[in-house]
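What's counted below: heavy atoms across the whole structure, side chains too, no hydrogens, waters or symmetry copies. Index from 1, following the sequence.
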Amino acid sequence: MTIENLREVYEARPFRPFAIHAADGRGFSVPHTEFLAYDPEGRTIVALRNDGTFSILDLSLITELEVLPTGDGAAKGGE
C-alpha cells in the first residue's frame with residue numbers, strides 16, 4: 001500500500017468510511033477523518049478507536065483499504 005492510495009481514500013469528498021486491513025488479518029475502522037493520522041513521509045499511520053485506544057501501523061503492512069457503505073464504519077471481522 002502506498003501513502004498515495006491512503007490519501008486518495010482519506011481525502012475523498014464527500015468522505016466515505018473505510019476499513020484498513022493489515023497483513024496479519026486485523027481490521028481497523030475509519031468512520032471519519034478524525035479516526036486516522038499519518039506521518040508526512042507516509043510510512044506510519046495511527047488508527048484510533050471510539051474507546052480511546054489506538055494502533056500504530058506500518059503502511060507497508062497494509063493489504064487493503066475497503067471503502068464501506070455510507071453509515072457503516074465497521075471493519076469485517078476487525079476491531
Distance (rounded to the nearest 0.5 Å) between [X] [atom1] and [Y] [atom2]:
X	Y	atom1	atom2	value
E64	N5	CD	CG	11.5 Å
L6	E11	CG	CD	8.5 Å
L36	I20	CG	CD1	5.0 Å

Where [X] and [Y] come nearest, the two heavy atoms and their spacing:
X	Y	value
P17	P69	CG-O, 3.7 Å
M1	L59	CB-O, 3.8 Å
F54	L48	CB-CA, 4.0 Å
R7	P40	NH2-O, 3.4 Å
D39	E41	OD2-N, 2.9 Å

> Under 3.5 Å, side chain of T63 to main-chain N/O of H21, donor-acceptor pair present?
Replying inline: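 Between the backbone of H21 and the side chain of T63 there is a qualifying donor-acceptor contact (under 3.5 Å).
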
>> I'd like to know if the side chain of R16 reaches the main chain of L68, judged simply by a donor and an acceptor atom lying under 3.5 Å from each other, with no hydrogens or angles considered.
In response: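 Side chain of R16 to backbone of L68: a pair is present.
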
> Using 4.0 Å as the upper bound for N to carboxylate O, is an ion pair formed by R49 and D51?
Replying inline: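 Judged by the 4.0 Å cut-off on N to carboxylate O distance, D51 and R49 do not form a salt bridge.
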
>> Counting C-beta onward and ignoring hydrogens, is there a side-chain heavy-atom pair between F28 and S55 closer than 4.5 Å?
In response: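 Of all side-chain heavy-atom pairs linking S55 with F28, at least one is under 4.5 Å.
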
> So, do I62 and L57 sit near enough that their side-chain heavy atoms are less than 4.5 Å apart?
Replying inline: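 Touching, per the 4.5 Å side-chain cut-off.
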
> What about the rings of Y10 and Y38, do their centers lie closer together than 6.0 Å?
Replying inline: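 Close enough - the centres of the two rings lie under 6.0 Å apart.
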
> Using 30° and 60° as the class limits, which term best fits the ring planes of H32 and F15: parallel, tilted or perpendicular?
Replying inline: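 Ring orientation of H32 relative to F15: tilted.
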
> When hydrophobic residues are tied together by side-chain contacts of less than 4.5 Å, even through go-betweens, does L61 share a cluster with L65?
Replying inline: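 L61 and L65: separate clusters.
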
